[in-house]
Each structure stands twice: as C-alpha cells, then as structure tokens.
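Working notes, structure below.
First the proteins, then the strands, lettered A, B, ... as listed; each starts at 1.
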Amino acid sequence: MTDLLRPRAIGAPLERLDGPDKINGTARYAFEHPVPDPLYVHPVQATIARGRIEDIDVHAAEDLDGVATVLTHENAPRLATDSDAELWVLQSPEVAFRGQLIGAVLAETPEIARQAADLVRVDYRREPHHVVLRGDDDALYAPEVVNPSFAADTRDGDPDGAEPAVVVDATYTTPMEHNNPMEPHATIATWRGGVLTMYDSTQGVHQMRSRLAPVLGLDPERIRVLAPHVGGGFGSKGTAHAHNALAALAARVAGGRPVKLALTRQQMFALVGYRTPTIQHVRLGADRDGKLELVTHDVVEQTSTVQEFAEQTAVGTRTVYAAPNRRTTHRLAALDVPVPFWMRAPGEAPGMFATESAVDELAEACGIDPIDLRCRNEPAVDPATGLPHSARHLAECLREGAERFGWAGRDPAPRSARDGDWLVGTGVASATYPGYKMPGSTATVRYRDGRYEVRIGAADIGTGTRTALTQIAADALDRPVSDVDLELGDTALPTATVEGGSSGLTSWGTTVVEAARRFREKFGHDPADGDEADGAMPEEPDEQRYAIHSFGAHFAEVRVNADTGEVRVPRLLGVFSVGRVVNPRLVRSQLLGGITMGMSMALFEHSVLDPQFGHVINHDLAQYHVAAHADVADIEVSWLDEHDPHSNPMGSRGVGEIGIVGSPAAIANAVHHATGIRVRDLPITPDKLLGG
Amino acid sequence: MNPFDYVRPDDAAGAVATVARNPGAVFLAGGTNLVDHLKLGVSAPELLVDVSRLPLDEVRELPDGGLRVGAGVRNSDLAAHPLVRSRFPALAQALLAGASGQLRNAATTGGNLLQRTRCPYFQDVTTPCNKRDPGAGCSAIGGHHRDAAIFGASPECVATHPSDMAVAMAALDAQVRVQGPEGERAVPVVEFHRLPGDEPQRDSVLRHGELITAVDLPGSAPRSVYRKVRERASYAFALVSVAADLDVADGRVRNARIALGGVAHKPWRATRAEGALRGAPVGEQAFRAAADAELAAAEPLSGNAYKVPMTRGTLVAVLRDLVEEAR
C-alpha cells in the first residue's frame with residue numbers, strides 16, 4: 001500500500017493561482033511571447049488526397065513584397081530521419097492526404113505570408129484516393145497493439161458458440177471528430193547558435209523535444225521548449241505534429257530570426273489529429289435474469305497511410321463487463337487521410353457509447369431496470385486482467401446517481417412521458433477510465449529566501465495543474481500553499497511526462513511527493529538557504545497487484561420535439577469514483593467539461609470528410625458544431641468520498657477524461673426512452689428522430 | 001487575403017458613386033460575412049467602401065403603422081426595438097435566432113439581407129463552386145448537401161440563403177429600399193433574392209453600385225412568429241425555419257403569410273400553402289394539407305430529404321401554435 005499524504009491543502013477548493021494573470025491578459029500563450037523581429041509562417045497545403053507534386057511554382061509568392069522565403073520540398077533543409085513519417089515534412093513530392101504540408105511562406109507579416117501562400121501554384125499527378133471507412137474493406141488489418149499498448153484482440157471461452165437466452169446484436173457507429181481547443185496550435189521557433197528554442201502550445205514540453213530531436217538531428221539538450229500556459233488540448237497537443245517540424249525548418253532558414261506559426265482553425269482539421277470514425281459490432285447475451293454470458297465487441301476504424309494510430313475502442317468493455325464468453329477485436333484500414341490521434345478518452349469515449357447503448361438494449365430485452373442489470377453484473381475482479389480492483393465503486397456511483405437523479409419509479413416504457421410538443425426521456429450509462437501513471441518524471445525542491453521552489457517540466461493545459469500540484473507539494477513539504485512556488489512548462493526544468501491519459505497529476509504529484517520526501521530526509525524541517533533535493537517517480541508495486549480504474553455513472557434527461565426532432569438536454573448528472581479529490585473546484589470543472597463534451601459528441605460533433613476531395617469540409621466552428629452555452633442547462637457532478645490506497649500518495653486518480661466516457665450513451669438511451677427510436681449512429685441529429 | 005484599399009464616404013450618394021465607378025469595389029457594413037470571405041479568398045475586392053457609419057441607423061414609423069428600418073441598424077438594436085417587438089414579433093424572434101450576441105451587435109439590416117450562402121464548398125476555394133467561380137461545377141450535388149435547398153435549386157447550384165431575418169421580412173411583405181447611380185427604387189424582399197438558375201453567382205437583383213438604404217415593414221403583424229429548427233440551441237444556421245402570420249376569423253383562415261428558411265436560394269414564400277389555407281377551417285387537417293401543398297414542389301437530394309418531413313412538421317406546429325395563441 002502506498003504511503004498516503006495527510007491531506008491539508010489537498011481537498012481545498014483553491015482558486016487557480018494563475019487565474020488573475022489569465023483574467024488580466026498577462027498569462028502568455030504560445031503565440032504571444034514577445035520576440036524581436038519575427039518572421040511569420042503560413043503553410044501551403046496539398047489540395048489532392050493522393051499523388052505526387054509534379055511542379056511547384058513559387059515565383060509569384062517570392063516576388064511579393066515582404067516575403068523572405070518560400071520553402072518547398074525542393075529547397076527545404078533535409079531532416080535527419082524519415083522514421084517519423086508524420087514529421088517528415090517538405091522532404092518529398094509525395095502527397096499522402098489532402099491538407100498535407102507541402103510548403104511554407106516566411107514573410108514580414110502574417111497577412112503577406114497568407115497572401116503569398118495563396119499564390120503558390122502546384123501541379124500534381126493525381127492518383128485515386130481511398131478515404132471512406134467501410135466495415136467490409138478488403139484492406140482491414142489487425143494492428144499489433146492498440147493505443148497505447150493494449151492487445152488488439154482478446155478472447156475468453158467460446159464467443160461464437162455461446163447461445164444465451166437473450167441476445168442483443170447491433171452495430172453502432174461514431175463519426176470522425178476533431179479537437180477544437182480554444183487556443184489553436186501555435187509555435188514560435190528560433191534557431192540560433194545551433195540551439196532551437198520553441199514557445200509551443202503543447203501538453204508536454206519534454207515530449208515535444210524528444211520527438212523533434214531525432215527528426216532534426218539535434219541533441220535534445222540543444223532544443224528548449226517552453227509552454228507556461230496552454231489554452232486547451234484534449235489530446236491534440238499531446239505530441240509534436242507536422243507544423244512543429246515545419247516551424248523548426250522555417251527557423252532553420254530564417255537567419256536567426258524567430259518564426260511565428262499559428263495554425264488557422266481550418267488547418268487544424270488536417271494537421272493535429274482527430275478521433276477516428278468507428279464501426280462497432282456489439283453482441284451481448286444474458287440469461288433471463290440479465291446475467292451476462294456473452295460479450296463481443298468488434299471494432300473497425302481507420303488510420304492513415306503515413307503513420308499508424310490504432311484507437312483502443314474496445315478496452316473499456318474489457319474492464320466493465322465480465323462474461324464466460326468474450327471477444328474484443330480491433331481492425332484498421334489505412335486510408336489516404338490525415339493521421340488520427342488522441343481525443344479526450346481515446347477508446348473509452350467511442351467504445352463505451354456502443355457498449356452502454358447495447359447494455360440498455362439488453363436491459364429492455366430482459367425487462368430489467370438498466371441500473372439493476374448493471375449491478376447484477378458487477379465482477380469480483382477486473383475482467384481484463386484478473387487482478388483485484390484498487391477501488392471498484394461503479395455500483396455505488398449508479399445507486400447514488402439514481403438517488404440524486406430521482407430514478408426510482410421511472411416508467412421504462414418508451415414514449416411514456418410528454419410535455420406539450422416535447423417527448424421526455426431519461427437514460428443511464430456507466431463510465432470507466434484507467435488510472436494511468438507514467439514513469440519518467442523528476443522534480444526538484446529548493447529552499448530559498450524562506451520559500452520552497454518546486455520545479456518540474458509538467459504541463460498546465462488549462463486544467464489547473466499549477467494549482468493542484470502546488471497543493472500536493474505543500475502537503476508533501478508540510479508547509480502552507482503560500483510558501484510554495486511551482487514552476488512548470490519548460491524543458492529547462494526537470495523532465496516530466498505528458499499531460500495525457502488523465503495521468504498528469506498522478507505522475508507529477510507522485511514525483512513531487514518523492515522529491516519533497518527526499519528534501520525533508522536530507523534537510524529536515526529547518527533547511528538552509530539554497531538547500532536542494534531532487535526525486536524521480538518511484539516504482540509502485542501496487543500497480544502490478546491491482547487494476548486501477550476510475551468509474552462513474554451518467555444520468556440524462558432529454559426532450560425531443562415531436563414535430564421537428566430537435567433534442568434538448570435539460571438535465572445531466574454524473575457521480576464518479578475518482579479517488580481522493582485534490583481540488584474540488586478544479587475537479588468539478590474537469591468533470592463538467594467532460595460531460596459537456598460528451599453531450600457535444602452525442603448530439604453535434606461530426607467531421608464531414610468529403611469523399612470526392614478527401615478533406616473535412618466543415619472545417620470551422622460555424623460548421624463543426626460543438627455544444628454552445630445555450631445547449632448546457634443543468635449539469636450536476638459529484639464524487640464518492642473516498643481515497644484510492646493503491647494509486648498514488650495522494651490517493652487520487654485522474655479526472656480529465658472520465659467525464660466524457662458514457663455520457664453520449666446516457667443521452668442516446670434517454671432519446672430512446674423519450675421516442676422509442678434507438679439511434680446507433682452518432683451524432684443524434686433531428687433528421688434521425690423525425691416521424692418518431 | 002489580398003491587399004485592398006479602403007474609403008469611408010460621408011454620405012450614401014458618395015458611397016454609391018464610389019462603388020459605381022469602380023468595378024472592383026464593394027460596400028462594407030458590419031463585416032461579419034465579408035471579412036470572413038476576404039480571409040478565405042472567397043472575395044478579393046480592390047476597394048472597400050465603408051458604409052457602416054452613414055446615417056442609416058434609425059427606425060422610424062411610417063404613416064400606416066409600419067416601420068422604416070435603416071440599413072445600418074444593427075441586428076441587436078432592431079431585435080430589441082420596442083416597436084419591432086410589439087408590431088413584428090416574428091422579425092425580432094428571427095433576429096435573435098441568428099448568429100451570436102457579438103455578431104448581432106456588429107451585423108446590419110442591409111448586410112444581413114446580403115449574407116452569402118454557407119454552403120461549405122462556396123467557402124472553400126480549393127473546391128469547385130459555380131457560385132464562386134461560374135462554370136467550375138457544383139461540388140455539393142455529388143457531395144455534402146445536408147444543408148442544401150429543396151425548392152427552386154438548379155443543376156448549377158443547390159445553395160440556401162442563410163438569413164433568418166430575411167425569412168421573417170419575406171413573410172411580412174417587407175420592401176427593400178435601394179439607392180443606385182440612377183436613383184432610388186424599392187424591391188419587395190420576396191423578389192430581392194434570386195433563384196440560382198444558370199447564374200448562381202448572382203444572389204440578388206442588386207446591380208453593382210446599388211446600396212440598400214432601408215427596409216420598409218408595412219402595417220403590423222402583432223401575432224406573427226418565427227420558428228427556427230437546428231441541432232444546437234444557438235449559433236447555428238437553420239436546418240429549416242418558418243415565419244408565419246395568420247389571420248383567423250370565425251374558425252376559418254382569412255389570410256396566411258408564410259415564408260420558409262433553409263430550403264431555397266432565397267427566403268421561400270410558401271404561396272401554395274397560403275393558398276391552401278385561405279378560407280380553410282383551422283385545424284390539424286388543414287395545416288397538414290397546406291404543408292403538403294407546398295412540399296409537393298420539393299425536389300430534395302439524397303442528403304437533405306429529411307428537410308421535407310422536417311418542414312412539414314415545423315410548419316404544422318407553427319400554425320397550430322398560432323391558432324392556440326389566438327384563442
């Protein structure tokens with residue numbers, strides 16, 4: 001068992017320490033850092049989905065006043081290796097997807113750079129492209145692993161031979177979806193004296209550096225990445241993307257001048273990853289009492305020809321539902337499309353939409369309340385690993401949620417409630433997310449001028465890491481928060497892991513606690529000025545002995561207009577088991593945000609890939625709809641009062657992603673309850689509910 | 001974006017003259033649509049003639065109880081105007097259903113009428129579009145056309161007009177007042193916008209150099225309503241919308257004025273439905289018959305066929321609500 005910190009600052013609803021700086025505008029985001037005499041970069045993107053550049057004419061662009069350089073594959077500096085295909089930009093005339101970077105203009109103003117980029121003329125040799133995912137595609141293959149390192153397939157018992165009394169057999173689909181953080185991706189890069197310095201909007205400065213270094217042929221120590229403030233990422237800023245390599249190349253030819261590159265919203269739809277569309281075939285079988293005997297979840301999804309990313313869509317199912325006969329599979333088609341990547345709860349978010357919709361269908365088929373059915377199927381150990389759970393409180397979440405939501409006495413019959421022109425329904429779904437912890441972080445603690453300086457290259461992407469980590473450091477040092485100064489977001493600080501997989505605070509907090517412990521061991525409670533200690537994240541034997549997961553229960557009330565099919569969501573409620581809550585104010589925000597994004601996924605989000613051209617054509621926020629304020633009515637979140645004795649010294653687990661998992665299914669299930677229509681294809685748009 | 005010149009004339013006549021003598025000139029008002037187009041390369045004018053500060057920002061009463069709305073009146077101001085709210089609620093509702101608070105603060109009455117389609121291909125210069133580049137072809141017909149027209153489209157263009165405000169004005173028999181190099185004229189809103197035909201690049205009957213100075217709203221329509229259907233609850237263009245004003249006496253429809261949005265290259269005055277309603281006894285049956293009469297002329301594509309039942313459902317619901325409210 002982990003030695004748990006005694007929580008004092010931990011648990012307090014501290015306001016963001018950098019809140020005032022953000023409100024008054026002094027908190028600098030990537031593009032805002034003042035640099036002398038910059039050049040501005042505007043990318044040129046391919047307008048075919050597959051083929052080869054035959055000729056690229058940059059004369060008109062170069063002739064424009066204020067243009068410094070136009071980079072193409074013909075004149076760009078050579079990169080050191082082609083082993084990282086996504087970052088191998090401007091090295092070849094080959095085009096692997098529409099929107100791929102094929103050039104860049106460097107100019108004295110952003111406007112000139114953009115105008116010049118429009119003047120670049122490209123002749124292509126086009127080849128036929130394949131951009132539409134199909135469940136019966138001949139090119140489907142089994143990846144070696146799915147993100148990050150799960151087995152692609154699992155099998156228990158005889159999933160093909162089982163013949164349960166009640167079977168649900170259905171196919172669910174989710175569309176391509178794009179992260180749209182408030183702050184678009186942006187970089188300032190300066191290459192001077194053999195050192196590359198980047199201000200970047202990233203979820204991990206050290207990961208940015210370690211991925212770029214081999215591509216650029218640079219010793220990592222010669223790259224510095226700074227990201228003190230980041231305006232959201234949701235996974236899309238979890239690694240270097242092509243524009244980072246482009247910015248580095250541009251800086252390389254800029255004669256020591258800084259280059260500034262801010263992607264437009266439209267460019268983000270081709271360059272910074274997306275959630276793959278999925279086609280999910282789910283079969284659930286149970287006896288008459290609703291006890292699961294069969295669970296299969298077979299997923300088809302896409303990746304790019306450039307680089308493989310295999311979303312782990314079925315892994316949530318592996319942990320939530322046990323059955324003697326189970327199968328999960330993932331099959332990929334490598335299409336002529338941009339490279340998919342992380343989007344909030346990759347895997348669990350789309351996968352649990354299918355599974356939790358199917359469970360609702362099973363409950364209806366069995367004539368059992370869906371909460372009851374789920375509780376009857378709570379396994380004794382983690383079905384995925386056979387290990388005991390560190391803290392499995394799914395049933396408690398469901399029961400407490402039912403109580404708060406007022407589930408008791410619900411008429412399960414579809415179309416049983418109506419308010420004027422609106423059909424009213426309620427739905428429930430379970431959530432799960434792994435309690436990831438990433439090895440590899442270090443932190444230092446230094447005592448100076450009566451204050452404790454805690455340094456770690458962690459990321460605060462808007463979640464409040466700076467504040468929560470300060471609270472953890474304060475408790476670890478047994479000092480008030482006001483005595484602690486935390487620095488993060490800089491590769492000049494000790495190495496930190498990526499803000500991804502809801503692992504940030506767990507990994508960095510554990511590391512900071514270790515550094516503080518070593519500091520106290522060396523210097524006691526009365527250190528001298530300049531005393532310093534460091535610590536690396538320790539091995540945690542409990543991780544091998546326990547399956548560490550968060551759980552949750554989502555409840556939704558929806559109203560569907562009987563005349564127009566419009567869906568409105570007056571009420572959402574989530575109860576979560578996330579271990580000890582380090583900062584309730586910040587945790588509440590994360591869970592609210594996750595649930596809202598889940599509603600957005602359920603009802604609105606859909607990147608429309610045009611099969612004629614191969615790119616996303618609704619590539620702006622007027623056309624790619626995310627939930628707006630008017631869509632968000634009453635959302636209530638709460639969590640169980642608990643701590644996880646096996647996850648980390650704080651007793652906490654990550655909260656960034658679990659809010660989105662399951663919430664789309666709760667809404668879909670509520671829509672079915674309201675209308676009798678089971679929408680198995682997200683998003684649930686009004687056209688699918690007309691005439692219901 | 002291309003470089004352009006910018007001038008701000010002192011009066012409407014100066015603005016008209018400046019645009020009229022320069023084929024590469026366009027008027028700039030709120031800029032909520034044009035500035036996007038400048039950035040996207042959809043529009044590349046040589047000269048912007050700023051009319052946003054001309055004295056065209058008043059709402060005045062007309063002798064018949066109607067209103068003359070200056071072309072420069074901001075959408076937010078017009079929606080909040082007490083006389084608009086009391087005499088033409090459909091217009092206030094339509095304005096508030098459009099865009100966002102920030103955009104409504106900038107957008108003007110004249111500019112709103114001249115919004116261009118949000119067809120994604122029109123806004124994406126890397127794809128063919130007959131409206132942007134006549135003769136290039138229509139990408140929407142064989143591509144994504146969920147938002148496309150079901151009435152009055154042509155093989156050249158299936159785009160819809162995006163305005164909410166214009167739909168209400170079409171139902172309210174508004175007149176567009178225009179000042180041009182050859183003088184002033186008035187055009188009914190229902191005739192102001194065009195169907196695409198074989199000239200989809202032309203949205204309206206405005207000639208180069210003609211400036212909208214005002215919109216006249218005749219009489220009053222204190223029971224008129226506007227209903228907009230969309231996926232999210234704000235900040236989205238209409239999938240379909242209905243503006244309607246019903247005159248009922250003794251259980252029968254004396255007169256109906258109905259315009260539909262999101263279904264055509266222009267605000268679609270539903271004259272067939274109006275005709276079917278005139279003299280009919282109020283009730284679900286008549287409302288459905290009226291909707292069917294209108295929708296018989298619909299020619300949906302595969303991706304926007306949902307608009308037929310959605311329009312039917314919305315129109316019937318609006319008529320039902322109008323009658324119930326009148327009771």
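Comparing A:Val567, A:Ile684, A:Ile617 by how many heavy-atom pairs each has under 4.5 Å with chain B, the most go to A:Ile617. Chosen from B:Ala305, B:Ala236, B:Gly313, the residue pairing most often with chain A at heavy-atom distances under 4.5 Å is B:Gly313. Interface remark: of the candidates A:Gln45, A:Lys688, A:His619, A:His619 forms the most heavy-atom pairs closer than 4.5 Å to chain B.
For the 3.5 Å distance criterion, the side chains of B:Tyr226 and B:Ser241 qualify, holding a donor opposite an acceptor. In this structure, a donor-acceptor pair under 3.5 Å is present between the side chains of B:Asp50 and B:Tyr6. Under the 3.5 Å distance criterion, with hydrogens and angles disregarded, no donor-acceptor pair is assigned to the side chains of B:Gln102 and B:Asn105. B:Asp147 and B:Asn304 are not linked by any side-chain donor-acceptor pair at a separation below 3.5 angstrom, with hydrogens and angles left out of the test. A donor atom on one side chain and an acceptor atom on the other are not found under 3.5 Å apart for A:His606 and B:Glu231. A:His625 and A:Asn618 share no donor-acceptor pair across their side chains, judged by distance under 3.5 Å alone.
A:Pro683 has its side chain within reach of A:Pro175: a pair of non-hydrogen atoms, C-beta onward, lies under 4.5 Å apart. With a 4.5 Å cut-off on side-chain heavy atoms, A:Val95 and A:Arg52 do not count as touching.
Inspection of non-hydrogen atoms places B:Ser139, B:Gly142, B:Gly143 of residues 133-143 of chain B under 4.5 Å from chain A. Chain B is approached within less than 4.5 Å, heavy atom to heavy atom, by A:Arg114, A:Gln115, A:Asp118 from residues 114-128 of chain A, ordered by number. Contact residues of residues 97-107 of chain A toward chain B are A:Arg98 (heavy-atom distance under 4.5 Å).
Contacts between B:Asn2 and chain A at a heavy-atom distance below 4.5 Å involve backbone atoms as well as side-chain atoms. For chain B, the nearby part of A:Leu621 is the backbone; its heavy atoms alone come within less than 4.5 Å. If you measure heavy-atom distances from B:Leu315 to chain A, you find no contacts under 4.5 Å at all. For chain A, the nearby part of B:Arg118 is the backbone; its heavy atoms alone come within less than 4.5 Å. For A:Thr47, the part lying near chain B is the side chain, with the backbone staying farther off; criterion is any non-hydrogen pair under 4.5 Å.
Annotation: the span from B:Cys157 atom SG to B:Asn130 atom CG amounts to 7.0 Å, rounded to 0.5 Å. Summarising the geometry, atom OH belonging to B:Tyr121 is positioned 10.5 Å from atom OG1 belonging to B:Thr126; distances are rounded to the nearest 0.5 Å.
Applying the 6.0 Å contact sphere to CZ of B:Arg223 captures no more than 12 heavy atoms from other residues, nucleotides or ligands. Annotation for B:Glu284: atom CD counts as buried by contact number, over 12 foreign heavy atoms lying within 6.0 Å.
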Could you tabulate the donor-acceptor pairs under 3.5 Å formed by side-chain atoms of residues 34-43 of chain B, not counting sequence neighbours?
from, atom 1, to, atom 2, distance (Å)
B:His37, NE2, B:Asn33, ND2, 3.4

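For the pair A:Glu566 and B:Arg230, the salt-bridge criterion is not met [side-chain N within less than 4.0 Å of a carboxylate O]. Contact check on B:Lys307 versus A:Asp687 returns no salt bridge, with no Lys/Arg side-chain nitrogen under 4.0 Å from an Asp/Glu carboxylate oxygen.
Using cut-offs of 30° and 60° on the angle between ring planes, the pair A:Phe269 and A:Tyr624 is perpendicular.
The two atoms that bring A:Met599 and A:Ala627 nearest to each other are SD-CB, 4.2 Å, heavy atoms only.
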